Amino acid sequence: MTSVISGGVRERINDALHQAVRALGVEEDIPDLELGRAKVPEHGDYASSAGLKLARVLRSRPDEIAARLAEKVVVPEGAATAEAEKGYVNFRLTDDWLRQLVTRIAPGYGGRDIGRGERLQVEFGSVNPTGPLHIGHGRGVTLGDSLCRLLEFTGHSVQREYYVNSDNTQTRRFGASVYARLHGNEPPEGGYTGDYVTELAEMARHDLPGIDKVPEEEAEPKLRMYAIEKMVERIRATVARLSVRYDEWYYENKLWEAGLPQTAIDRLRKSGHIKERDGALWFGEPNDEEEDRVVIRANGQPTYFASDLGYLLSRFEQRGFNRVIEVWASDHHGYVPRMKSAAAALGFDPQKLVIILHQMVNLKEGKMSKRAGRFVTLDELVDRVGSDAVRYFYLLRSPDTTIEFDLELAVTQGSENPVYYAQYAHARLSNVEVAAAERHPRLPERADASLLGHPWELDVARQLAFWPDVVEDATAVLEPHRIPYYVHDLATAVHRFYHAGNAQSEHRVVVDDPELTRARLELCRAARHTLKTALELMGVSAPERM
RNA sequence: GCCCCGCUAGCUCAGUGGAUAGAGCAUCUGUCUUCUAAACAGAGGGUCUGAGGUUCGAAUCCUCAGCGGGGCACCA
């Protein structure tokens, strides 16, 4: 994409509007002029309430200010015209500029160097490796992956990490459960009862000869690591089916081998954040016991929190990430303040630790319980619904909303599934390009976009103009769910455009006139590239045929 | 008791303090000898949970209340 519009037309208009405000003699800070998409067509494409915003500063009537601004504002390239109405300044993208835009769109359109190569880590999906992923985990995994895709698309240097717990209470119980099954016993209280635990025990009996002769104290850590390894393999396979990629599977025991938790504790002891009480070590603010949390238990065993202290060092210091984004399920929300204060106590900017919480996923049939071994696994979901639909389904919702997973609906393959709507638009565009090549073996190399003029053609171009705004906003607030909503809007414009040719053949893309065909083909290509890019950010495939 | 999230059309959900609140599904009515009908055009459907407040303006911000979900361990 050329630099001319890389920032998006909205930003261009906003800059122009600010210039106009300065020209009116406003010296001080200009308030946010609320430039956004207009909600009704009569108001154009973008609208600003600049007149209302500046009324106080300029001590003048909003409608007068808006009128003066509309007169003064000059949008570069003639991309938009301005019109005042009451206190608002409305902008309408010009047809000529929309036509130009179409010829400029190349693969990767909308991408932009917002991050300037910022080194950041996104840690997501880090479930205790004590069982297969279930439907709830699928949400964190797909959200995290799409977030990474988005951040990479906007110029960040992203490292994707899965933190593998291996030394905590849950994984020990897991090891003990495998040990119990190995000896034909029931798992201990609070252990894991799923059939897969028995299977793991049998596999261990085969892979670790003589393990059943070893006393528990010695056998459990071996069985635990063996079982964790098997579960991690399974988790890797599951997420791979969803096109979720990780750069690093970071094991908790690696922290201890590097002595990072101990280093962190020593440092915190010096600053008064680590205190000894009741035989245990606690973390908290100096001279305040209120929020204290145990780091090392009275029995000498560390809690997960000790590992997490070391994990902060590993990331902010040892590995030098500027920012760390964690994706957690909301049932961990109580842990957020503790992690933030730990980061601050260790000398890091807590703002650089960004924690994204997503709400839970419920099945309509009833609650899930991992330890009871009675759940619908993510694998089963992918088997039944398919990766594309699963990803689309998860990403469609804001992280703040609880998903009520209606399996019955998700399983039905048909037009009610929004993913097909978007993919079909892409397939149609791909197909029409093939048809054009057959009909016109030698089309003009360059498209004359001025031949585009029908409202449905310009509406496609208009949607394309909005794409950089969507990318920018989604990145700013770290909300990938804005993408599928955009995809839907673009697909709608594409289907309308295409359908015009079904209703009247002279409106088809492929017509007798090679010049006209070429121009419409250019629009198809621009839309196809953009659709494909957006779908890629979601991890959803863009088929060329359906 | 304290903390977090939600409450918007029949259902599932979008909606950066701006003008007349949107989409999908479902329901109903039309459109295929055609570059793919997995599509298009149209219709109906709303006290944005309630009450106060902030201001030129509130679904959006604040307070209180209600309902639903999730947390509040020497589990993670």
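From a predicted model like this one, the values you see are computed outputs, not experimental measurements. Here is how names work: the chains are called A, B, and so on, in the same order as the sequence lines, proteins then strands, and each is numbered from 1.
Under 4.0 Å is where a charged nitrogen must lie from a carboxylate oxygen, and between R12(A) and D15(A) no such pair does. A salt bridge does not link R518(A) to E515(A): none of the charged nitrogens lies less than 4.0 Å from a carboxylate oxygen. Salt bridge annotation for E289(A)-K275(A): absent, with no cationic side-chain nitrogen under 4.0 angstrom from a carboxylate oxygen.
As the counterpart of G6(B), C67(B) is assigned, both hydrogen-bonding distances of the Watson-Crick or G-U wobble pattern falling under 3.5 Å. Pairing for G1(B) goes to C72(B), judged as Watson-Crick or G-U wobble with the two contacts each under 3.5 Å. Of the nucleotides present, G53(B) is the one that pairs with C61(B) by Watson-Crick or G-U wobble criteria, both distances under 3.5 Å. In a base pair of the Watson-Crick type (N1 to N3 plus N6-O4 or O6-N4) or a G-U wobble (N1-O2 and O6-N3), with each distance short of 3.5 Å, A19(B) is matched with no nucleotide. Across every strand in view, U29(B) sits in a pair with A41(B) that passes the Watson-Crick or G-U test at under 3.5 angstrom. Here U34(B) sits opposite no nucleotide as a Watson-Crick or G-U wobble pair (both hydrogen-bonding atom distances under 3.5 Å).
Comparing E42(A) and L357(A) by the nucleotide of RNA chain B that holds the closest heavy atom to each, the one mapping nearer the 5' end is L357(A). Residue-to-nucleotide proximity on RNA chain B shows that, of K86(A) and S398(A), the 5′-proximal contact is made by S398(A).
Using atom P as the reference point in both C25(B) and C61(B), the two lie 30 Å apart (nearest Å). Here, U8(B) and G46(B) have their C1' atoms 8 Å apart, quoted to the whole Å. One P atom belongs to C5(B), the other to C74(B), and the distance between them is 25 Å to the nearest Å.
If you check G70(B), A19(B), G24(B) against the side chain of H488(A), the one that comes closest is G24(B). Closest to the S330(A) side chain, of the nucleotides G70(B), G17(B), A14(B), is G70(B).
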List every contact pair, protein side and nucleotides 31-34 of chain B side both N or O, where the distance is under 3.5 Å.
unit_1	atom_1	unit_2	atom_2	d
U34(B)	O3'	R508(A)	NH2	2.9
U34(B)	O2'	R508(A)	NH2	2.9
U34(B)	O2	R508(A)	NH2	3.1

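The base of G18(B) sits with one of its N or O atoms less than 3.5 Å from a complementary donor or acceptor on the side chain of K53(A). A donor-acceptor contact under 3.5 Å links the side chain of H333(A) to the base of G70(B).
For C32(B), the base adopts the syn conformation, since its glycosidic angle falls within 90 degrees of zero.
If you check every strand for non-hydrogen atoms under 4.0 Å, T402(A) touches sugar and phosphate atoms only.
A cation-pi arrangement is present between R315(A) and Y311(A), with the terminal nitrogen or guanidinium carbon under 6.0 Å from the aromatic centre and inside a 45° cone about the axis.
With centroids closer than 5.5 Å and planes inclined by less than 30 degrees as the test, Y88(A) and the base of A19(B) pass as a stacked pair.
To the nearest angstrom, C1' of U12(B) lies 8 Å from CZ of F393(A). Computed from coordinates, the L395(A) CG to A14(B) P distance equals 12 Å when rounded to whole Å.
A side-chain donor-acceptor contact under 3.5 Å links Y486(A) to the backbone of Q463(A). Panel note: side chain T517(A), backbone V511(A); a donor-acceptor pair is recorded below 3.5 Å.
Ring geometry, H488(A) versus Y421(A): the interplanar angle falls under 30°, so the pair is classed parallel (tilted spans 30 to 60°).
Between the side chains of E252(A) and S307(A), at least one donor N or O sits under 3.5 Å from an acceptor N or O.
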